[in-house]
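Take a look at the structure set out below.
All values derive from a computational prediction rather than experimental measurement.
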Amino acid sequence: MDISSVLQGGYHHPLARKWQAQRQLTKSMLMYPIFITDDPDAKVTISSLPGQCRWGINRLEEFLGPLVKKGLQSVILFGVPLNCVKDGRGTPADDPSGPVIQAIKKIRELFPTVYIACDVCLCEYTDHGHCGLLNNDGTINNSPSAARIAEVAINYAKAGAHCVAPSDMMDGRIKLMKRGLIDAGFGNRCTLMSYSAKFASSLYGPFREAAGSAPSYGDRKCYQLPPAAKGLARRAIQRDTAEGADIIMVKPALPYLDIIGDAAQLAPDHPIACYQVSGEFAMIHAGAKAGVYDLRTMAFETADSMLRAGATLILTYFTPDFLDWLEA
């Protein structure tokens, strides 16, 4: 056997195997998506997302306190309004008494070291469940949609969010949002993380149950990217970097590792985020429950694939588990 053919000497030991990774998962790479509802005392189990709940702001200390002690460093907030009057422009999205703005203030008060990102979208707050404002014929009216999304983001920044993350996929919203943050005095104080390559995936089902955000008619295929659209994803990534995004995100993660790799190549000087979405999380749990594999082993394998593709930040419901597992 040729000398160059012998590779196993480099990974025969558990520690040596770790050294073979170009990047290893750390707690700082994890952002935990959490659902905040407008019942302040709520703790409601989400049946399709194992171990996940909707939380009211009065329960945030008991929920997040133990995780912060284990090393939780960042969260992303999703509002789940159940007691408000929704309308065509998503007015409750930035209501000062609404769940997101109240949660921002509460978390900053309780856990000042925790980095708070806010998902910015209108689907949870509109009476039609779409991510923007509509024309009379029911199609998306892009320009006022992007303007409204930017308005919501600025109000989250004013409330104390460290990061705003638009997930609506409206054209031009990054430029409007960046300009708005600068004009409001938050250009240097609030990160703009763009869901640049968000695909019209079948993996969002559990999230839509959790957030109550399913559209009342039709679908989102005219603004979320077609799953096969590699070129569109690359163009969207390049557009959003040019429009001022500070972080580029790909969503979902596991079926789109090639797009994560493209993002790392197209935006080499930006952090690259990916969202291991609700369906991915539920699918991994289902396989483990069926005895197909060990849950922890598969969770790490999927996270490693995302890091290998180029991600530097992973939004995942496995965050509480990883906080324990990374201590082991």
Side-chain angles (χ1 to χ4, degrees), residues 1-33 49-52 66-76 113 115 197 199 201 203 230 233-234 237 247-328:
M1 188 179 293
D2 290 340
I3 289 175
S4 60
S5 299
V6 179
L7 302 180
Q8 291 174 353
Y11 60 95
H12 71 100
H13 188 279
L15 183 58
R17 287 194 283 276
K18 290 185 178 181
W19 294 339
Q20 297 299 326
Q22 292 182 330
R23 184 181 295 119
Q24 293 185 1
L25 188 66
T26 65
K27 293 180 181 182
S28 65
M29 294 176 174
L30 301 168
M31 180 175 282
Y32 188 22
L49 278 175
Q52 309 304 305
L67 299 178
V68 172
K69 288 181 180 178
K70 292 178 183 179
L72 178 68
Q73 297 183 37
S74 67
V75 297
I76 182 166
T113 63
Y115 184 92
F199 291 84
S201 173
L203 291 168
K230 185 180 181 74
R234 291 175 62 90
I237 290 163
I247 301 174
I248 298 299
M249 189 201 298
V250 176
K251 176 183 179 182
L254 199 58
Y256 298 97
L257 296 177
D258 61 322
I259 307 301
I260 298 172
D262 285 349
Q265 177 259 323
L266 293 168
D269 301 319
H270 286 64
I272 304 299
C274 64
Y275 196 151
Q276 187 177 44
V277 300
S278 59
E280 295 175 75
F281 177 77
M283 183 169 59
I284 293 167
H285 267 273
K289 186 176 181 180
V292 176
Y293 42 66
D294 174 71
L295 180 69
R296 171 177 169 166
T297 302
M298 181 52 69
F300 269 107
E301 185 174 343
T302 57
D304 285 341
S305 74
M306 297 162 202
L307 298 181
R308 194 176 64 246
T312 55
L313 171 62
I314 301 175
L315 287 70
T316 177
Y317 303 97
F318 278 114
T319 295
D321 298 303
F322 281 131
L323 294 176
D324 287 328
W325 294 335
L326 290 168
E327 293 288 354

Applying side-chain contact (heavy atoms from CB on, under 4.5 Å), run through Phe300 and Phe322 and close with a yes or a no.
-> CA-CA 8 Å; Phe300 269 107; Phe322 281 131; 3.8 Å; yes
Would you say the side-chain atoms of Ser74 pair up with the backbone N or O of Ser28, donor to acceptor, closer than 3.5 Å?
-> no
Checking Gln20 side chain against Gly10 main chain: does a donor-acceptor pair fall under 3.5 Å?
-> yes
List the steps, then state whether salt bridge (charged side-chain N to carboxylate O under 4.0 Å, His left out) holds for Asp321 with Arg296.
-> CA-CA 8 Å; Asp321 298 303; Arg296 171 177 169 166; over 6 Å; no
Residues in ring-ring contact (aromatic ring centres under 6.0 Å, His included) contact with His270, at least two apart in sequence or another chain | none
[atom1]/[X] to [atom2]/[Y] distance, rounded to the nearest 0.5 angstrom?
| X | Y | atom1 | atom2 | value |
| --- | --- | --- | --- | --- |
| Phe199 | Ile259 | CZ | CD1 | 4.5 Å |
| Ile272 | Ile260 | CD1 | CD1 | 9.5 Å |
| Leu72 | Tyr32 | CG | OH | 9.0 Å |
| Cys274 | Met249 | SG | CE | 9.0 Å |

Qualifying salt bridge (Lys or Arg N to Asp or Glu O under 4.0 Å) pairs with a residue from residues 258-284, counting only residues at least two apart or across chains = Lys230-Asp258, Lys230-Asp262, Arg234-Asp262
Can you see which heavy atom on [X] is nearest to which on [Y], and at what distance?
| X | Y | result |
| --- | --- | --- |
| Ala264 | Ala309 | CB-O, 4.3 Å |
| Thr316 | Thr319 | O-OG1, 2.7 Å |
| Leu254 | Ser305 | CD1-OG, 3.5 Å |
| Leu326 | Thr26 | CD1-C, 4.0 Å |
| Pro255 | Leu203 | CG-CD1, 3.6 Å |
| Lys27 | Lys70 | NZ-O, 2.6 Å |

Qualifying residues under side-chain hydrogen bond (donor to acceptor under 3.5 Å, both in side chains), relative to Tyr256, sequence neighbours excluded = none
Check the pair Gln276 / Ile284 against side-chain contact (heavy atoms from CB on, under 4.5 Å), numbers first and verdict last.
-> CA-CA 11 Å; Gln276 187 177 44; Ile284 293 167; 3.6 Å; yes
Pairs where residues 277-298 contributes a residue and the test ring-ring contact (aromatic ring centres under 6.0 Å, His included) is met, not counting sequence neighbours =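 Qualifying pairs, neighbours excluded: Phe281-His285, Phe281-Tyr317, Phe281-Phe318, His285-Phe318.
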Applying side-chain contact (heavy atoms from CB on, under 4.5 Å), name anything that partners Thr113, two or more places apart in sequence or on another chain.
-> none
Partner residues of Ala21 under the side-chain contact (heavy atoms from CB on, under 4.5 Å) criterion, sequence neighbours left out =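 By the side-chain contact (heavy atoms from CB on, under 4.5 Å) rule, Ala21 matches Gln24.
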What do the steps show when you test Met31 against Ile314 for side-chain contact (heavy atoms from CB on, under 4.5 Å), and what is the final call?
-> CA-CA 6 Å; Met31 180 175 282; Ile314 301 175; over 6 Å; no
